[in-house]
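To start, the structure under review is shown below, and the notes come after it.
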There are 2 protein chains.
Amino acid sequence: MSKVTIKDVARHAGVQPSTVSRAINNHPHIRATTKARVLSSIQELGFVPDRAAQSFRTGRTRSISLLLPITGTDFYDRLINSIDEALEAYEYDAGIFPLLSERRLARYQNPAALPYHTDGLVYASLNPEQLYHDPLTIQGLPAVVFEVPSSRYDHVTVNNELGGSLAARHLQRRPATTFVINVEERFNTPFASGVFRERVRGFRAAQRDAGLDLPDTHIFTSDFTPERAHQAARRALQQRTGPVNIFVTCDVFARALLEEVRLAGLTPGDDVRIVGFDDDRQAEASGLTTLHQPVEEMGRTLTRLLMERIADPSLLERSVQFDPVLKVRGTA
Amino acid sequence: MSKVTIKDVARHAGVQPSTVSRAINNHPHIRATTKARVLSSIQELGFVPDRAAQSFRTGRTRSISLLLPITGTDFYDRLINSIDEALEAYEYDAGIFPLLSERRLARYQNPAALPYHTDGLVYASLNPEQLYHDPLTIQGLPAVVFEVPSSRYDHVTVNNELGGSLAARHLQRRPATTFVINVEERFNTPFASGVFRERVRGFRAAQRDAGLDLPDTHIFTSDFTPERAHQAARRALQQRTGPVNIFVTCDVFARALLEEVRLAGLTPGDDVRIVGFDDDRQAEASGLTTLHQPVEEMGRTLTRLLMERIADPSLLERSVQFDPVLKVRGTA
DNA sequence: CTGAAAGCGCTAACAC
DNA sequence: GTGTTAGCGCTTTCAG
C-alpha cells in the first residue's frame, strides 16, 4: 500500500515536494543537510516513490526489455548476467521476456504489451523484422539486435562463418570422414536467427577451399531438444566406417554427441573428433574443443549501444561484430 | 514515438477524450456507432494508449511478476505457460524474474525494483520470508507462493511427503539395497524451498514403516548442475553390490542417473530400478517411473488465487495442496 | 449516451 | 538552494 506520497514526506520534513524530488533523484542543487532531513523522513514514513507516476511524468521507465527465444541455457544466462551488470551503471533494470510459447509470441505482437512498456528493447537471437506481422508495430522504441544482422537496428553479431571455417581448418589437420550436426532453424521456433546456417556455411566453404567435399548426407540437422540431439548423434555415428571428424554447431549438442560416443565405447578425440560452438560453462569440464563466443563482451556492448540510443534516438545505425576464437581441448 | 494522445483521437473523431477512453476500455455506456468511429480514428492515427499514464491513473498495471530461481527447466516452463494461459482471461501479462545471479537477488531486495511495479507477485519455489532482509519491504503487494508453505501468503503446494512415500512403497515391491539421490538446498541458491527435503522425509518414513532402514550414507546430495548430477549418480552406482533401488528427487537428475546406468552397461528397471519426481516432458520418452505433479493445474490455481486477492486484498489467507501421482513406466 | 472537469504523483521550468 | 506552479495522459466522477 504505497499510500505515502511525496507530499507527506515534504510536510514531514518541512520542505516542498520539489525538494523531496530533488533528494530522491540525486539532484545537485540541494543542501546536504536538507537532503539528509528529507531522506530520514522518507525512511521514517516508509515512502517508496510511485514508479507509475515517475514513468508517467518523465516518459521513461528506467528499464529495458530483453526478448529471447528461450531461457535456461548457459549462453543466455551469461548474456543476461552481462547485460544486468552493464545496466547497473545506468541505474536501469532489465525485464526478461522469453518467447516460450505461441501464446506469448502472439501476445507480444500487440504494441501495447508489457515488454514494450520500457525505454528500449534487446532482441536476442530474434529477427524483429520477421517477428511482427506488421513491421511498424513497435516502431520508435530504441532497439538493439543480438546475433542477427539488421538493416534497421543497431546490432551486435559474431562472425559465425569465420567460426565454421576455423572449425573446419582445425579438423582438417587430421583428415577423416567429416560430418556436421546442426540445429534446425525455423521461423516461430526459438532459433530463426540464421547463426547455425552461417556456421555450417563457413565450415563448408573452408572444406571446399581445402579441396574437400561435404555432401548434404553428411549434415544431420535436428530440433533443439535433448532427445533430438541424441538421435542426430546416433545417426551420425551409425554412418561412421572409421575415424570421423564432427563439427557440432552448438555445445549442448556436442555434449549429447560426446555421451553417445562414450556409450558406443568409442574414444572422443581419437575415434571421433569433435568441435563444438559456444564455449559454454560446461565446455571446459567436458574437455570440448569449441569456438569461444565473447558473450559477456557482446552483452556489455549491446547494452552500451542501447543506452546511447535511448539517450539520443537520432544516432545513425551501428553494428559491431566479434570474432570467435578456437579453444582446443581434448575432443579434437 | 507515441505522440498521438487520446486528445488527438477525440478531436479526429469529433468526441471528447472521455468517450475515447470509454471506447478503448470496453465501457458499456457507449453507442456502437460512436465506438466504431472512435476505433477507426484510433486505427487511422495509430494511437497506442500510454501504459504509464494508464497505470498512473488507475493505480494498476495489468501485470504480475513471477519470481523464480531459474528458468529453462521443463517444470518452470510448464508453470509459466499455465500462468500465461490463465492470465489471458483477466487481460493480464506476466513478467518473469529469474533470480539468476547474486546481483539480481540484491537488486530485488529494493522495494522500488522493477518486479514490484506490478499488481501482484508469484514466488515460485522461493520463500518470501527468507528472500528479504527486511521482511516488510514488499509488504502490501498481493502475493501467492508456489511450492512453499507460508503463514502469511496464499500458497499452492504439492504433498511432497506423500510423493516420497509412494516412491518408497513402489520400490519396496522388489526389495533391494536402496539409495536416494537428492538435490542440495541452500539459502541463496535456486532451491531453498524445502521440497526436496520433504520428498526424502516421506521416502524415509515409508521405509521405516516397512521396517527398512535408510542410512545417511545411502543418500547422495548434490548441487543442481548437470555435472554434479552425473557425479552423484556414479557415486551411487559404485556403492552397488547387486540390484539396487534408487529414488531420485527430480527427473532431471533421474535422467542423469539413467545415462550413467547405461554407460555402466547396466539395465534400468532390472539391475537398477529408478523412481524420479516431476514427470517432466521428457520423462515419458525416457521410460521413467516418476511422481507426476499437476503443474498446470497448480499454475491455474495460483493465478486464480492471486487475481482474487488483487481484486480483494482483505481476503483471508488461503492454501491449496495437490497430491502427486505415481506414473509407472519402465525404470521401476 | 456523451460532455465537462478534476486530479492521480511526480518532475522541471522558472522565480526568488 | 528552495519554493511555486503547471502539467504529463488518462480515467472517472458528475451533469445533462
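Reminder, nothing fancy here: chain letters follow the sequence lines and each chain counts from 1. Just so it is clear, the values below take in all heavy atoms, side chains as well, and ignore hydrogens, waters and symmetry mates.
Distance B:Ile42 CD1 to D:dG9 C1': 14 Å, rounded to the nearest Å. Nucleotide D:dG16 holds its P atom 18 Å from the NE2 atom of B:His29, rounded to whole Å.
For B:Tyr116, there are no ring pair (Phe, Tyr, Trp, His ring centres under 6.0 Å) partners at least two apart in sequence or on another chain. In terms of the ring pair (Phe, Tyr, Trp, His ring centres under 6.0 Å) criterion, residue partners of A:Phe97 (sequence neighbours excluded) are, by chain and number, A:Tyr108. Remark: A:Tyr92 engages no residue in a ring pair (Phe, Tyr, Trp, His ring centres under 6.0 Å) (not counting sequence neighbours). Not a single side-chain hydrogen bond (donor to acceptor under 3.5 Å, both in side chains) links B:Arg51 to another residue, sequence neighbours left out. Applying the salt bridge (charged side-chain N to carboxylate O under 4.0 Å, His left out) test to A:Arg57 and every residue at least two apart in sequence or in another chain returns nothing.
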(request) Summarise protein proximity over nucleotides 10-16 of chain C in one line of letters, 5' to 3': B for base, S for sugar-phosphate only, - for none, counting protein heavy atoms closer than 4.0 Å. (result) BBBB---

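OP1 or OP2 of D:dT4 lies within a sub-4.0 Å distance of a side-chain N or O belonging to A:Gln16.
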